[in-house]
**Student:** 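Pasting a structure below so you can have a look.
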Amino acid sequence: MRVLAIGDNVMDIYLDSKRMFPGGNAVNFSVMATRIPEVTSGYLGNFGNDNLAELMKSTLKTFNVNIDHCKNLKGESGYSLVKVVNGDRKFLASNRGGVLNQGIKISDDKDYINAMDLIHLSVNGNGKEIINYISKPKIVYDYSDFSNENEITLTIDNVDLACFSVGNVSKDRVVERARQLQRMGNYHTILLFTMGKQGAMVFTGNRCYYQSAQLTNHIKDTMGAGYVRIIGVNSK
């Protein structure tokens, strides 16, 4: 199986521990996919021309993620400044994606993209501009939460698996919203909602599946930086 994540790459810089970790929705997906036997994984996005980009590239190569179709642009790599407060991540600042904001030009890569079995897109990686280029692969789309109504409306009918992170939303509201989204996606779209301590829910057709969360009092970092043993280096 061949999978490709298109979108953001972001360096998360932890000010309290003075370490930084490669991340971003698309990068995380492409790295995690390499853990599945018989899956080949690729990432397509923009790299800046700075040291952060070189660290990002070397990390992805370490995990055998194909980056041959990425674009190298003049400008800053995406980064965010993070602090852990009582086990929860707190974003302090960012450059809002850096060179990602120049747009991911994929017009020359349509054949490569459509040779994949599955494509991962997200609201943080220009997904709504890219989805119209995809005609054959299955599509996973990370919408983050419910705040991107326009993007959901424009894209969900073409999505096979829609993902939402809604830890502060009640279960009743999730069920209500899921029914609305199913109608928008003509009932073929599978909906996944992760809800923090409330667990997770999946809606497919006329069925709903629920998984409770396992609670713990010993959370180190809710972002899970390094959870796939990604390389960390001292930040300046």
Side-chain angles (χ1 to χ4, degrees), residues 5-32 43-60 62-63 65 67 70-106 120-131 140-152 155 163-169 194 196 219-236:
I6 307 176
D8 58 332
N9 65 84
V10 180
M11 198 66 69
D12 296 316
I13 302 173
Y14 281 64
L15 299 181
D16 40 0
S17 63
K18 295 184 179 181
R19 290 173 67 82
M20 56 189 176
F21 299 87
N25 289 50
V27 164
N28 289 339
F29 179 89
S30 63
V31 171
M32 288 300 294
Y43 166 71
L44 198 164
N46 296 341
F47 292 126
N49 61 339
D50 51 22
N51 291 335
L52 297 185
E54 295 308 311
L55 174 59
M56 185 69 72
K57 291 178 191 177
S58 65
T59 301
L60 290 169
T62 297
F63 287 97
V65 175
I67 59 172
C70 289
K71 308 300 185 291
N72 297 289
L73 305 178
K74 184 177 181 180
E76 285 187 331
S77 297
Y79 69 81
S80 63
L81 304 182
V82 186
K83 190 174 183 179
V84 177
V85 180
N86 296 324
D88 199 6
R89 62 185 179 182
K90 183 176 182 180
F91 290 97
L92 304 178
S94 78
N95 66 346
R96 300 186 179 276
V99 292
L100 173 67
N101 294 308
Q102 297 183 37
I104 302 175
K105 297 178 175 61
I106 62 170
H120 179 281
L121 302 174
S122 78
V123 294
N124 297 319
N126 298 349
K128 66 181 179 181
E129 285 81 29
I130 296 166
I131 196 168
V140 177
Y141 207 117
D142 189 334
Y143 290 104
S144 183
D145 52 31
F146 295 149
S147 64
N148 302 284
E149 187 65 36
N150 182 57
E151 187 153 349
I152 294 170
T155 59
C163 304
F164 298 86
S165 177
V166 288
N168 295 321
V169 179
T194 55
I219 298 174
K220 291 182 65 177
D221 172 13
T222 57
M223 188 141 71
Y227 66 114
V228 288
R229 298 178 66 190
I230 286 178
I231 300 167
V233 299
N234 289 331
S235 60
K236 295 181 180 179

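Just so we're clear, the structure is a prediction, and the values are computed from it rather than from any experiment. Positions are given from 1 along the sequence.
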**Student:** For N124 and S122, does a side-chain donor sit closer than 3.5 Å to a side-chain acceptor?
**Tutor:**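 Checked: N124/S122 side chains show no N/O donor-acceptor pair below 3.5 Å.
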
**Student:** Can you confirm whether N168 is buried at CG, in the sense that more than 12 heavy atoms of other residues, nucleotides or ligands lie under 6.0 Å from that atom?
**Tutor:**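 No, because the 6.0 Å sphere around CG of N168 holds 12 heavy atoms or fewer from other groups.
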
**Student:** Under the side-chain hydrogen bond (donor to acceptor under 3.5 Å, both in side chains) test against K57, which residue among N9, T62, N72 passes?
**Tutor:**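 It is N72; the other options fail the test.
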
**Student:** Given side chains that start at C-beta, do those of E151 and Y141 come closer than 4.5 Å, heavy atoms only?
**Tutor:** yes

**Student:** Using 0.5 Å steps for rounding, measure from the CG atom of N46 to the SG atom of C70.
**Tutor:** 8.0 Å

**Student:** For the residue pair M20 and L52, establish whether any side-chain heavy-atom pair is separated by less than 4.5 Å.
**Tutor:**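 Side chain of M20 against side chain of L52, heavy atoms only: contact under 4.5 Å found.
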
**Student:** Which word best sums up how the rings of F47 and Y43 line up, parallel for under 30°, tilted for 30 to 60°, or perpendicular for over 60°?
**Tutor:**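 It falls in the tilted class, 30° to 60°.
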
**Student:** Under the criterion side-chain contact (heavy atoms from CB on, under 4.5 Å), I'd like the reasoning laid out for V99 against K71: C-alpha separation, chi angles, the key distance, then a yes or no.
**Tutor:** CA-CA 10 Å; V99 292; K71 308 300 185 291; over 6 Å; no

**Student:** Quick check: does any side chain N or O of S77 sit under 3.5 Å from a backbone N or O of A53, one acting as donor and the other as acceptor?
**Tutor:** yes

**Student:** Under a 4.5 Å cut-off applied to non-hydrogen side-chain atoms, are I104 and E129 in contact?
**Tutor:** no

**Student:** What do the steps show when you test V27 against D8 for side-chain contact (heavy atoms from CB on, under 4.5 Å), and what is the final call?
**Tutor:** CA-CA 7 Å; V27 164; D8 58 332; over 6 Å; no

**Student:** Within the 4.5 Å heavy-atom criterion, are V140 and D142 side-chain neighbours or not?
**Tutor:**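 SC-SC contact between V140 and D142 ruled out.
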
**Student:** Any side-chain to backbone donor/acceptor pair from N28 onto G23? Under 3.5 Å, distance only.
**Tutor:** no

**Student:** Assign the ring pair Y143 / F164 to parallel, tilted or perpendicular, where the plane angle (0 to 90°) is split at 30° and 60°.
**Tutor:**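 Parallel: the ring planes of Y143 and F164 meet at under 30°.
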
